[in-house]
Number of protein chains: 2
Amino acid sequence: MSVTLQDIAQELDVSIATVSRALRGMPGVAESTRQLVLKVAREQGYYPNLAAQQLQRQRTNTIGFIIPTFGPRFSDPFFSELLAGIGNAAAEAEFDLLVSTVAPGKDELKGYQHLVAGRRVDGLLVVRTRRQDQRIAYLLAEGFPFVAFGRTDQELDFPYVDIDGQQGLFKVVTHLIERGHRRIAFINASEELMFAQHRLTGYRQALAAHGLPYDDDLVRLGGLVETDGYHAGRALFCLGAQMPTAVCTSNDLMALGMMRSARECGLQVGVDIAIAGFDDIPLAKMTYPPLTSVHQPIYQIGRLICEKLLCLLRDEELAEPQTLLLPELVVRESTDYRV
Amino acid sequence: MSVTLQDIAQELDVSIATVSRALRGMPGVAESTRQLVLKVAREQGYYPNLAAQQLQRQRTNTIGFIIPTFGPRFSDPFFSELLAGIGNAAAEAEFDLLVSTVAPGKDELKGYQHLVAGRRVDGLLVVRTRRQDQRIAYLLAEGFPFVAFGRTDQELDFPYVDIDGQQGLFKVVTHLIERGHRRIAFINASEELMFAQHRLTGYRQALAAHGLPYDDDLVRLGGLVETDGYHAGRALFCLGAQMPTAVCTSNDLMALGMMRSARECGLQVGVDIAIAGFDDIPLAKMTYPPLTSVHQPIYQIGRLICEKLLCLLRDEELAEPQTLLLPELVVRESTDYRV
DNA sequence: ATTATATACGTAAACGTTTACGATGTCAAA
DNA sequence: TTTGACATCGTAAACGTTTACGTATATAAT
């Protein structure tokens, strides 16, 4: 089996307490014996049993991250980049990362309870917050450390990082209005998602600021995958005279689906219709035509929420518990079309 | 703090052993007391301390998965789908999933040692195998349970799932040849990756089978991101008379970059040049033009390697330790061009 | 020489489980 | 009544650490 403190202690004929102290650099052990211990530990290939450490120290050096996955073909470039940010920040702090994938729903909380009540992780990262978010209510009630990516509609105080989706939509819609568009569609995400709410607000504000009417028919809801954008496009482009001249979407994936349906309807993107996305995934600049999008520094956000959580776990005061990032609009050829 | 067996035992004036037995459904406890224990446990909100369980049971009910990330903008739809498959399969078996993100390199093994020597996980999933893979050599030497996605060049016996990339490339190149192409470029991944080797073999076999010469200039290496395909394209499309009429790539992301560079060089994809990818990510059918690609059932592969590992951990005999999946070619408009 | 202080180390309890083993009580068979 | 079998439960060790506390020795101060 694997070598324990006991093995080293036996070999050197000292107590396991001394071995433990020597290995952890604690005072109260002679330099000569410390060297001996280190030598034997190296020779025997000692590595501490993490479960035993966790039990004793009452912390796991692990943070949890639960990915809400929707169905099998869950392929969102967004998450791999977020995960990279989180993972790298955690690794630098020598923390492990426990990832669960659960579909949002009534069993969702079970996943959180497992990690929280089982003291499986020291803190949690919550992503894709909802307007009424039971996960956040639960974590607050438990007094469990967490940081969210996104806000909620409840008047709850908790640490988060978010990008200002309202500003983001305001910018992109204003950009479209400045290019002469008057009928601008918006493919949003499910209403229960908090960011969808913010972005809708930004959309309406931009219209209002330019005296344009709000038309319910032009706002569609999608599930953030390509096919949602595709189907929304098929519906929109059949409106005839009522057809929008520009469309913006709540993520790039749907924008790509939208571009496809536009082409199928004989519309040349950037020439006959303007399309803009949200996220600015690396792919956005590679599409045809390159996609105008609201940039989200996803990797950085991943790092940020992770680092904030690590601060919390070190009992440090958060310099900025709530961070709201201003997104930048990246204009590309997909919105070249002017009315 | 949180409630332990001790708390329940005290409340009912029984021993913690009885409580433990009652909760775990072990024999040797009266049905009446079992009900009492269950009742109190529910009332007090008992949840077992997982670290203590792990220490005692000598297993963690956790599997590890180390994602090789290359740089910050690591945005591969491939991995999010794989992760979903792994995560869901693990969740069904009530296993947790520990994810690390480490850049391949000399510190890479540290990450594996941490999980293995620290007994942090019961088994590991190894992805993106390399021709000489130190990770696999290490795990085999340690006798640690693992399943790989991919093979190696070493004559080592270990459980894996892989798709037959050689067949995949053979199919796509044959498809291009049948459309009249004679100069077919191939943007492959780094030579050290095992799958790159297989695909190169498939590429050469298809050429040979049709009596076409192999031209070193037409094979380029890329790092599997969009920009790699883009740059490879810029280089290829400047070859003048030596220019290929068709290109296939080792993943869809590079194909998308390639499509962009083609357009910038005034080439209409599917009309003036044929481009095919590999992976068939959901996006592939949404590009313009839709991308011909070799389909990989990534989600299923994620499930498969996870389930295989779970079998190993249950000490079951693997019905099929090594699975080689035959990939399908999905023909779309990007290869419509005939010479 | 005595006392105080520091250093080096061991003892043992603790973290929260699981489980082998032993103790007690009940009931039926001999 | 004795014996055994069985059900029910408690005791205690074990998993591998960490750490408060105690003890022995050496050194310095009085």
Side-chain angles (χ1 to χ4, degrees), chain A residues 1-38 40-41 44-62 94 96 114-122, chain B residues 1-38 40-41 44-62 94 96 114-122:
Chain A
M1 279 305 286
S2 53
V3 28
T4 69
L5 290 185
Q6 176 71 44
D7 298 324
I8 303 180
Q10 218 159 330
E11 171 86 13
L12 289 173
D13 203 35
V14 294
S15 73
I16 58 171
T18 301
V19 177
S20 174
R21 278 189 286 255
L23 289 174
R24 306 194 50 242
M26 300 251 86
V29 41
E31 188 53 32
S32 55
T33 56
R34 182 189 311 276
Q35 291 306 329
L36 272 177
V37 169
L38 290 177
V40 175
Q44 310 227 11
Y46 171 79
Y47 201 95
N49 183 310
L50 298 175
Q53 277 188 336
Q54 288 173 19
L55 180 58
Q56 166 61 227
R57 295 181 178 173
Q58 295 289 77
R59 53 195 174 76
T60 61
N61 266 246
T62 307
E94 304 204 292
D96 289 326
H114 174 70
L115 300 184
V116 171
R119 277 130 288 175
R120 194 67 222 271
V121 298
D122 296 333
Chain B
M1 277 309 286
S2 52
V3 28
T4 69
L5 290 185
Q6 176 71 43
D7 298 324
I8 303 180
Q10 218 159 331
E11 171 86 12
L12 289 174
D13 204 34
V14 294
S15 73
I16 57 172
T18 302
V19 177
S20 174
R21 279 189 285 254
L23 289 174
R24 306 197 48 242
M26 299 253 86
V29 42
E31 189 53 31
S32 56
T33 56
R34 182 189 309 275
Q35 291 306 327
L36 272 177
V37 168
L38 290 177
V40 175
Q44 308 227 13
Y46 171 79
Y47 203 96
N49 183 309
L50 299 175
Q53 275 188 338
Q54 288 174 19
L55 179 58
Q56 166 61 229
R57 296 180 177 173
Q58 295 290 75
R59 53 196 172 78
T60 60
N61 267 244
T62 307
E94 303 205 292
D96 289 326
H114 174 71
L115 300 183
V116 172
R119 279 129 288 175
R120 195 65 220 275
V121 297
D122 296 333

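The structure displayed is predicted, hence computed values, not measured ones. Below, chains carry the letters A, B, ... as their sequence lines are ordered, and counting in each starts from 1.
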Would you say a side-chain N or O of [X] is under 4.0 Å from OP1 or OP2 of [N]?
{"X": "A:Ser20", "N": "D:dT17", "value": "no"}
{"X": "B:Tyr46", "N": "C:dT17", "value": "yes"}
{"X": "A:Ser15", "N": "C:dG10", "value": "yes"}
{"X": "A:Arg119", "N": "C:dG16", "value": "no"}
{"X": "B:Arg24", "N": "C:dT19", "value": "yes"}
{"X": "A:Thr33", "N": "C:dC9", "value": "yes"}

Given [options], the nucleotide with the shortest approach to the side chain of [X]:
{"X": "A:Ile16", "options": "D:dG16, D:dT17, C:dT18", "answer": "D:dT17"}
{"X": "B:Gln53", "options": "C:dT17, D:dT18, D:dT11", "answer": "C:dT17"}
{"X": "B:Val29", "options": "D:dC9, D:dT11, D:dT18", "answer": "D:dC9"}
{"X": "A:Gln56", "options": "D:dT17, C:dG10, C:dT17", "answer": "D:dT17"}
{"X": "A:Thr18", "options": "C:dC9, D:dC9, D:dT19", "answer": "C:dC9"}

Spatial distance of atom OG1 (B:Thr60) from atom CZ (A:Arg120) [nearest 0.5 Å]: 6.5 Å
Considering all heavy atoms of both residues, which atom of A:Ser15 and which atom of A:Ala9 are nearest to each other, and what is their separation? C-CB, 3.9 Å
What one should report as the nearest heavy-atom pair of B:Ser2 and B:Asp7 is O-OD2, 3.9 Å
Within the side chain of B:Arg119, is there an N or O that forms a donor-acceptor pair under 3.5 Å with the backbone of B:Ala117? yes
Atom [atom1] of [X] to atom [atom2] of [N]: distance rounded to whole Å?
{"X": "A:Gln58", "N": "C:dT17", "atom1": "CD", "atom2": "P", "answer": "10 Å"}
{"X": "B:Asn49", "N": "D:dT17", "atom1": "CG", "atom2": "P", "answer": "17 Å"}
{"X": "B:Arg57", "N": "C:dT19", "atom1": "CZ", "atom2": "P", "answer": "7 Å"}
{"X": "A:Glu31", "N": "C:dC9", "atom1": "CD", "atom2": "P", "answer": "11 Å"}
{"X": "B:Leu55", "N": "D:dG16", "atom1": "CG", "atom2": "P", "answer": "7 Å"}
{"X": "A:Arg59", "N": "D:dT18", "atom1": "CZ", "atom2": "P", "answer": "10 Å"}
{"X": "A:Met26", "N": "C:dT7", "atom1": "CE", "atom2": "P", "answer": "15 Å"}
{"X": "A:Leu12", "N": "C:dG10", "atom1": "CG", "atom2": "C1'", "answer": "15 Å"}

Student check: side-chain heavy atoms of A:Asp96 and B:His114 closer than 4.5 Å: yes
Measure the shortest side-chain to side-chain distance between A:Leu5 and A:Leu23 over non-hydrogen atoms and say whether it is less than 4.5 angstrom. yes
Categorize [X] for me: base, sugar-phosphate, or nothing, with a 4.0 angstrom heavy-atom threshold over every strand shown.
{"X": "B:Asp13", "result": "sugar-phosphate"}
{"X": "A:Ala30", "result": "sugar-phosphate"}
{"X": "A:Arg21", "result": "base"}
{"X": "B:Pro48", "result": "sugar-phosphate"}

